[in-house]
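Since the structure comes first, as structure tokens, the remarks are kept for the end.
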Amino acid sequence: MVAKYSNQKEKIKKKEIQEAAEEIKKGNLVLFPTETVYGIGANALDEKAVKKIFEAKGRAGDNPLIVHVANIQMVEELVETITPLEKKLIQEFWPGPLTVIFNRKSKEIIPNVVTANLNTVGIRMPSNKIAQELIQMAGVPIAAPSANVSGKPSGTTVEDIIEELQEKVSYILDGGFADIGLESTVIKVVEKQIVILRPGKITKEQLEKVAREVKIDNHVLAKVKKGEKVESPGMKYRHYAPNTNCMMVYGKNTKKMVDKINSITNDLLEQGKEVLILGKKQNLKDYIASEKWNMGENMEEIAKNIFALLRKVDKEKVDLVIIEGVGEKDLGLAITNRLIRACSYNYIIVE
């Protein structure tokens, strides 16, 4: 299969979105932009179509998908109830990068393959105009995980992912670089408490303005044990990872962190090994490695750049990539969540 490819770069015509929507209606896959990352989508109500997503990505069947909607009516058709706190969250953060885990309605309405046989379903309303129009024109909710082969960094541009996915989808909508660069925040309301299952652009601090109690799930920064079920994507399996070995090093004291990274680098260089460092722009001059890449100057830039950088490191043929950690405050929690998984939990905290 060769995908029809819209290469308009933020100037996609309605006709092209309509063509992509027709492919969704036919039970085919479409690669499309959202404000977070690119998604690979199918009609969420069509079991056969959704199974194609798992086949295209090589995704495990116990890893649930997020359902993207264009209006609240679509949500009401899929869930049992919307609680008062969930309504407040929707009013505050939708459309936008927040996924809410609801109790689902009948299994006859939304297939088990979407929810990994759970009694819950994750739903969000994207703010990206192309994504919104695609859902509206298709007339159905669209199940869409990040557009990438499972385990690899998520796609933030079509160029990053076209080689691995172009023969697996029927239509590609190219909307340029994703605005945020990290997948959505995933939360669940438990009684009157918000539980963050996966951090993202919408931070704990922002959620605390809506509810007094906001808890971070233990799995956000820890491994999921064998046999444990998860309600959010991106938590259970190796994710966001290049083939090259990676290590994250973080310290609140920047000088101590830089010194530790230089010490590790020096040891490897003496062994004749090659090292690549991903660091903040302001710290790069202090590293002894000859290969060092700029992640950005602030959290927003790092969030937007990190997946694209992780996709490029395998071309460098180095022995180790050392990545500066960013801490766990605000957007840093989401970046740290992705980095520790990209490093397969190989990280050092400098005291």
Side-chain angles (χ1 to χ4, degrees), residues 5-10 12 31-40 57 97 126-128 130-131 144-166 169 172-185 198-201 233-234 238-248 275-284 287 289 291-318 320-326 331-344:
Y5 181 31
S6 164
N7 192 16
Q8 298 296 318
K9 292 276 182 172
E10 300 182 24
I12 293 174
L31 196 156
F32 67 99
T34 78
E35 72 276 21
T36 57
V37 296
Y38 274 76
I40 178 170
K57 283 175 62 75
S127 61
N128 180 280
I130 297 169
S146 58
N148 57 299
V149 170
S150 286
K152 295 299 180 186
S154 300
T156 52
T157 68
V158 164
E159 287 80 4
D160 284 346
I161 48 183
I162 190 168
E163 186 176 334
E164 61 194 56
L165 291 175
Q166 65 180 332
V169 301
I172 297 172
L173 292 168
D174 187 345
F177 215 118
D179 290 334
I180 296 171
L182 294 178
E183 300 88 349
S184 63
T185 303
R198 181 181 74 186
K201 177 70 172 176
R238 186 173 184 262
H239 271 78
Y240 323 116
N243 293 324
T244 307
N245 288 330
C246 297
M247 171 189 288
M248 186 186 81
V275 178
L276 167 63
I277 293 174
L278 305 186
K280 287 183 180 177
K281 181 179 180 181
Q282 53 268 41
N283 298 334
L284 291 184
Y287 290 118
E291 285 292 326
K292 39 196 176 182
W293 293 358
N294 174 23
M295 295 195 300
E297 292 188 76
N298 54 53
M299 294 295 187
E300 285 72 22
E301 289 182 4
I302 293 169
K304 191 167 184 176
N305 294 335
I306 193 63
F307 283 149
L309 291 172
L310 288 172
R311 280 188 163 269
K312 292 175 183 175
V313 299
D314 285 336
K315 297 176 183 176
E316 298 302 305
K317 307 299 181 185
V318 298
L320 182 68
V321 177
I322 304 177
I323 308 171
E324 270 190 27
V326 297
L331 188 53
L333 178 65
I335 297 170
T336 299
N337 166 266
R338 306 315 193 269
L339 288 181
I340 61 174
R341 283 166 170 77
C343 296
S344 299

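Computed from a predicted structure; not experimentally measured.
Considering every non-hydrogen atom in both Lys304 and Ala178, the closest pair reads CE-O, 3.3 Å. Residue Ser154 comes nearest to Phe307 through the heavy atom pair O-CB, 3.5 Å, listed as atom of the first residue, atom of the second, then distance. Residues Glu164 and Asp160 share a closest heavy-atom pair of OE1-O, 4.3 Å. In terms of heavy-atom proximity, Gly39 sits nearest to Ala147 at C-CB, 3.8 Å. When all heavy atoms of Leu331 and Ala303 are compared, the closest pair comes out as CD2-CB, 4.0 Å. Heavy-atom minimum distance, Pro126 versus Ala131: CG-CB, 3.9 Å.
Judged purely by atom type and a 3.5 angstrom limit, Asp314 uses its side chain to pair as donor or acceptor with the backbone of Asn243. Side-chain atoms of Ser184 do not come within 3.5 Å of backbone N or O of Pro97 as any donor-acceptor pair. Tyr38 places no side-chain N or O within 3.5 Å of a backbone atom of Asp174 that could act as its donor or acceptor partner.
Rounding to the nearest 0.5 Å gives a distance of 8.5 Å between NZ of Lys152 and CZ of Arg311. Between atom NZ of residue Lys57 and atom CG of residue Asn148 there is a gap of 3.5 Å, rounded to the nearest 0.5 Å. Separating the CE atom in Met295 from the CD1 atom in Ile323 is a distance of 7.5 Å, to the nearest 0.5 Å. For the atom pair NZ (Lys281) and CD (Glu301), the distance works out to 8.0 Å, reported to the nearest 0.5 Å. Separation of atoms CD1 (Ile335) and CG (Leu339) is listed at 7.0 Å; rounding is to 0.5 Å. Atom CD1 of residue Ile172 and atom CZ of residue Phe32 lie 13.0 Å apart, to the nearest 0.5 angstrom.
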Exercise for review: Please report the C-alpha distance between Lys280 and Asn298 in whole Å, then the side-chain angles of each, then the deciding distance to 0.1 Å, and finally whether the side chain to side chain donor-acceptor pair (under 3.5 Å) criterion is met.
Suggested key: CA-CA 8 Å; Lys280 287 183 180 177; Asn298 54 53; over 6 Å; no
Review point. Please walk me through it: do Leu182 and Ile306 pass side chain to side chain contact (heavy atoms under 4.5 Å, CB included)?
Key: CA-CA 9 Å; Leu182 294 178; Ile306 193 63; 4.1 Å; yes
**Study point:** Residue pair Ile302, Glu324: steps toward the side chain to side chain contact (heavy atoms under 4.5 Å, CB included) verdict
**Key:** CA-CA 11 Å; Ile302 293 169; Glu324 270 190 27; over 6 Å; no
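Residues that satisfy the side chain to side chain donor-acceptor pair (under 3.5 Å) test with Asn245, not counting sequence neighbours, are absent from this structure.
Applying side-chain contact (heavy atoms from CB on, under 4.5 Å) to Asn294 and the options Asn305, Leu284, Asn283, Leu278 leaves one that passes, Leu284. Just one residue in the list Lys312, Lys317, Lys292, Glu291 forms a side-chain contact (heavy atoms from CB on, under 4.5 Å) with Leu276, and that residue is Glu291.
Annotation: side chain of Val326 is in contact with side chain of Thr336 (closest heavy-atom distance under 4.5 Å).
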